[in-house]
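Worksheet: the structure to be examined is printed underneath.
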Amino acid sequence: MEIDIKEENGGYKIEFKKVSKTFVHLLKEQLKESDDVEEVAILKTHPYLENPKLWLRTKSKKPSIVIKESIKELINIFGELEKKFLENF
């Protein structure tokens, strides 16, 4: 996975390379839960010709820190899901 972060219009345009659109959508939903996020959205691009892009405006923390925190939370959520799944099988 590669990430390209560009500051733009008071926020950040983040391009994800070598990652699925599904991951970017999951990340967006998790970022929406953060108190440090002022605004987050998926930027619509051509689905086959361009990499997925995210628009992010944070309140005070750097976007890289907020993204790392959200990814860690997703890891915890999926860890709990795996645990519950394995308990039932």
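Because the structure is predicted, anything quoted here is derived from the model rather than measured.
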Open item on the list: Between Met1 and Leu54, is there shared hydrophobic-cluster membership here, with clusters defined by ILVMFWY side-chain heavy atoms closer than 4.5 Å?
Closed with: yes
TODO: Say whether, by atom type as modelled, one donor and one acceptor occur between the side chain of Arg57 and the main chain of Gly10 under 3.5 angstrom.
DONE: yes
Task: Ile65-Ile75 co-clustered via ILVMFWY side chain contacts under 4.5 Å - done: no
Task: Sequence neighbours excluded, every pair satisfying salt bridge (Lys or Arg N to Asp or Glu O under 4.0 Å) that has a member inside residues 21-30 - done: Glu29-Lys32
- [ ] First locate atom NZ of Lys17, then atom NZ of Lys53, and finally report the distance between them rounded to the nearest 0.5 Å.
- [x] 9.0 Å
Open item on the list: Considering only residues two or more places apart or on different chains, which pairs with a residue in residues 71-85 satisfy side-chain hydrogen bond (donor to acceptor under 3.5 Å, both in side chains)?
Closed with: none
Open item on the list: Nearest 0.5 angstrom please: Leu81 CG to Leu86 CG, how far?
Closed with: 9.0 Å
- [ ] For the residue pair Leu56 and Ile67, establish whether any side-chain heavy-atom pair is separated by less than 4.5 Å.
- [x] yes
- [ ] Quick one: pull up OG1 in Thr58 and CD in Glu38 and give me the separation to the nearest 0.5 Å.
- [x] 8.0 Å
Task: Residues which pass salt bridge (Lys or Arg N to Asp or Glu O under 4.0 Å) with Lys6, listed by chain and number, not counting sequence neighbours - done: Asp4
TODO: Kindly compute the distance separating CD (Glu50) from CD (Glu15), expressed to the nearest 0.5 Å.
DONE: 8.0 Å
Task: Co-membership, hydrophobic cluster, residues Leu43 and Ile3, 4.5 Å side-chain - done: no
- [ ] State, with a plain yes or no, whether a side-chain heavy atom of Ser70 is found less than 4.5 Å away from one of Leu27.
- [x] yes
Task: CZ (Phe23) with more than 12 external heavy atoms under 6.0 Å - done: yes
Open item on the list: Just checking Lys68: does its NZ atom have more than 12 heavy atoms from other residues, nucleotides or ligands closer to it than 6.0 angstrom?
Closed with: no
TODO: Compare all side-chain heavy atoms of Leu26 with those of Phe78 and state whether any distance is below 4.5 angstrom.
DONE: yes
Task: Check: Val37 and Lys59 side chains under 4.5 Å, non-hydrogen atoms - done: no
Open item on the list: As an exercise, state the distance from CG of Leu31 to CH2 of Trp55, rounded to the nearest 0.5 Å.
Closed with: 14.0 Å
Task: Cluster overlap Ile42 with Ile71, hydrophobic side-chain contacts below 4.5 Å - done: yes
Open item on the list: Quick one, Asn51 and Lys18 - any side-chain contact, counting heavy atoms below 4.5 Å?
Closed with: no
Open item on the list: Salt bridge or not between Lys61 and Glu69? Use side-chain N to carboxylate O under 4.0 Å.
Closed with: yes
